[in-house]
There are 2 protein chains.
Amino acid sequence: MTPDDLASTVDAETALAHAPPGHKDELRLWLRLLTCTTLVEGEIRTRLRRHFDTTLPRFDLMAALERAKDGMTLGEVSRRMMVSNGNVTGLASRLEAEGLVERRAQPGDRRVQRLRLTAKGRREFARQSAAHEAWIAELLDGLAPEERATLFRLLGRAKLSVRAALTNEETP
Amino acid sequence: MTPDDLASTVDAETALAHAPPGHKDELRLWLRLLTCTTLVEGEIRTRLRRHFDTTLPRFDLMAALERAKDGMTLGEVSRRMMVSNGNVTGLASRLEAEGLVERRAQPGDRRVQRLRLTAKGRREFARQSAAHEAWIAELLDGLAPEERATLFRLLGRAKLSVRAALTNEETP
DNA sequence: GGGAAATCCTTGAAGCCTAAACTAATAGGG
DNA sequence: CCCTATTAGTTTAGGCTTCAAGGATTTCCC
């Protein structure tokens, strides 16, 4: 899919616009949220590929590791990235094969693999990260600072709402 | 990944919270947006699987078709769903194999495959759709109506911002 | 100590997804 | 009419993702 396709798309949320109002407000909100995320994510994916020949999951994994001086266990990474364990295993293996990340045994617990960036990985991530941040700023440039602040706050409220619904569900 | 993992996760956005402020506001906003979407999407995926033994992409494709009395071409579906052409081909084939969707030739243009829900597909989707809408309402229940309205409006602004950035990029 | 339960990670099967190359068909301009 | 460009859809290779099952290790607790 080209950027042009993206830009001219009548997305799912827009397609719902003529539905009877009042009833599906939450649904419309969700679809708009999803559309925003998909638009940004797709563009970031494309640019990561074009500029750095990498992928968003790779970038995300390296971003998670970047601040962890002593590395992270695969389980920690998996929780941070909100993906499955098996997913991280494969991702880490590919990054390891490229020399960007290294596995290291954890002294004292032989079940645990500790993951950390290599020097090469840190160099690569520094370049990617700077570009990534600029891209995001570019894409969200059309919002006024106070709009961004309000949006940030409301998304925080939304996150709370979802997490609350999820934890209630566990203990019915 | 269990819902518990999700709920207890220190996500990427939270992990960034102690970074020097002011500089990475857009990035933080983006990460929060992504976290919200990921949380909701993951839960919807899980429930679709558990309750209906289906997937989100299948559901989305059927949702796109539901309003189209005369069906949609694969290309239209691909633009609506913001996914690649090849993706829709495979998705449609799987749904067709399950008897939920049918391909039909378009009179007058032999390149075009028109896709539509079968009667069985409409029945299935009606059940799934009702549940889906209730799930979304449940997850976003923690927001007050005026919060939802503001969030909806600001996400609209965000969408505009991103689309504007994307169309500018095409013509530099 | 020893056995059951929990934790960490990996593996395998199946589906999702993209980019790029390809086929087939249509449209436009000489 | 042909030649070219465009459009619709499929295919292929490779990567991402989940779920479920399983192996290894540790922890708990009697």
Side-chain angles (χ1 to χ4, degrees), chain A residues 1-6 8 38 41-61 71-98 103-115, chain B residues 1-6 8 38 41-50 52-61 71-98 101 103-115:
Chain A
M1 173 146 58
T2 69
D4 182 61
D5 289 332
L6 274 181
S8 66
T38 304
E41 201 172 319
E43 183 65 14
I44 298 298
R45 269 180 214 281
T46 300
R47 294 191 187 185
L48 279 176
R49 167 180 295 267
R50 265 213 299 269
H51 293 262
F52 300 111
D53 191 30
T54 188
T55 67
L56 192 49
R58 278 167 155 90
F59 176 81
D60 286 344
L61 175 42
M72 295 171 74
T73 70
L74 293 195
E76 286 166 353
V77 172
S78 141
R79 281 184 290 277
R80 165 77 58 86
M81 294 178 69
M82 301 196 275
V83 300
S84 70
N85 258 344
N87 191 348
V88 176
T89 295
L91 219 38
S93 299
R94 283 184 290 271
L95 284 173
E96 194 178 25
E98 296 173 17
R103 275 184 172 89
R104 193 173 294 189
Q106 160 126 319
D109 189 338
R110 278 180 300 176
R111 292 169 305 178
V112 176
Q113 297 281 329
R114 201 158 264 280
L115 219 56
Chain B
M1 174 148 59
T2 69
D4 181 63
D5 288 333
L6 273 182
S8 66
T38 304
E41 200 172 318
E43 183 64 14
I44 297 297
R45 270 180 212 281
T46 300
R47 294 191 188 185
L48 279 175
R49 166 180 295 268
R50 266 214 295 271
F52 300 112
D53 191 29
T54 188
T55 68
L56 192 49
R58 278 167 156 90
F59 176 81
D60 285 344
L61 174 43
M72 295 171 74
T73 70
L74 294 193
E76 286 166 354
V77 171
S78 141
R79 282 184 291 276
R80 166 77 58 85
M81 294 179 67
M82 301 196 275
V83 299
S84 69
N85 257 345
N87 191 350
V88 175
T89 294
L91 219 37
S93 299
R94 284 185 290 272
L95 284 174
E96 193 179 25
E98 296 173 18
V101 148
R103 274 184 172 89
R104 195 173 292 189
Q106 160 127 318
D109 190 337
R110 277 181 299 177
R111 291 170 304 178
V112 176
Q113 297 281 328
R114 201 156 263 278
L115 220 55

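Heavy atoms only: backbone and side chains are in, while hydrogens, waters and symmetry mates are out. Reminder, nothing fancy here: chain letters follow the sequence lines and each chain counts from 1.
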Would you indicate, yes or no, if [N] has its OP1 or OP2 atom less than 4.0 angstrom from a side-chain nitrogen or oxygen of [X]?
X: A:Arg110; N: D:dT26; answer: yes
X: A:Arg103; N: C:dT10; answer: yes
X: A:Thr55; N: D:dC16; answer: yes

If you take atom types as modelled and just measure distance, does the side chain of A:Arg111 reach the base of C:dT7 with a donor-acceptor pair under 3.5 Å?
yes
Closest-nucleotide ordering on DNA chain D, the 5'-leading residue of B:Arg45 and B:Val88
B:Val88
Can you measure [X] atom [atom1] to [N] atom [atom2] for me and round it to whole angstrom units?
X: A:Leu48; N: C:dA19; atom1: CG; atom2: C1'; result: 15 Å
X: A:Glu43; N: C:dA19; atom1: CD; atom2: P; result: 11 Å
X: B:Arg104; N: D:dG9; atom1: CZ; atom2: P; result: 15 Å
X: B:Arg79; N: D:dT7; atom1: CZ; atom2: P; result: 10 Å
X: A:Leu91; N: C:dC17; atom1: CG; atom2: P; result: 17 Å
X: A:Arg50; N: C:dT18; atom1: CZ; atom2: P; result: 15 Å
X: B:Asn87; N: D:dC16; atom1: CG; atom2: P; result: 16 Å
X: A:Gln106; N: D:dT26; atom1: CD; atom2: C1'; result: 12 Å

Sugar-phosphate only, base, or nothing, as touched by [X] at under 4.0 Å among non-hydrogen atoms:
X: A:Arg58; value: sugar-phosphate
X: A:Asp109; value: sugar-phosphate
X: B:Gly86; value: base
X: A:Arg49; value: sugar-phosphate

B:Thr73 side-chain N/O to B:Val112 backbone N/O, donor-acceptor pair under 3.5 Å:
no
If you apply the rule side chain to side chain contact (heavy atoms under 4.5 Å, CB included), what do you find for A:Gln106 with A:Gln113, and how did you get there?
CA-CA 6 Å; A:Gln106 160 126 319; A:Gln113 297 281 329; over 6 Å; no
Less than 4.5 Å apart, side chain to side chain, heavy atoms only: is that true for B:Arg45 and B:Thr55?
no
Here the pair of heavy atoms bringing B:Met81 nearest to B:Pro57 is CE-O, 3.7 Å
From C-beta outward on A:Val83, which listed nucleotide comes closest to its side chain: C:dT10, D:dG9, D:dT18?
D:dT18
Start with the C-alpha distance between A:Met72 and A:Arg80, add both sets of side-chain angles, then the distance that settles side chain to side chain contact (heavy atoms under 4.5 Å, CB included), and finish with yes or no.
CA-CA 10 Å; A:Met72 295 171 74; A:Arg80 165 77 58 86; 4.2 Å; yes
Of A:Thr89 and B:Gly90, the one whose closest DNA chain C nucleotide lies more 5':
A:Thr89
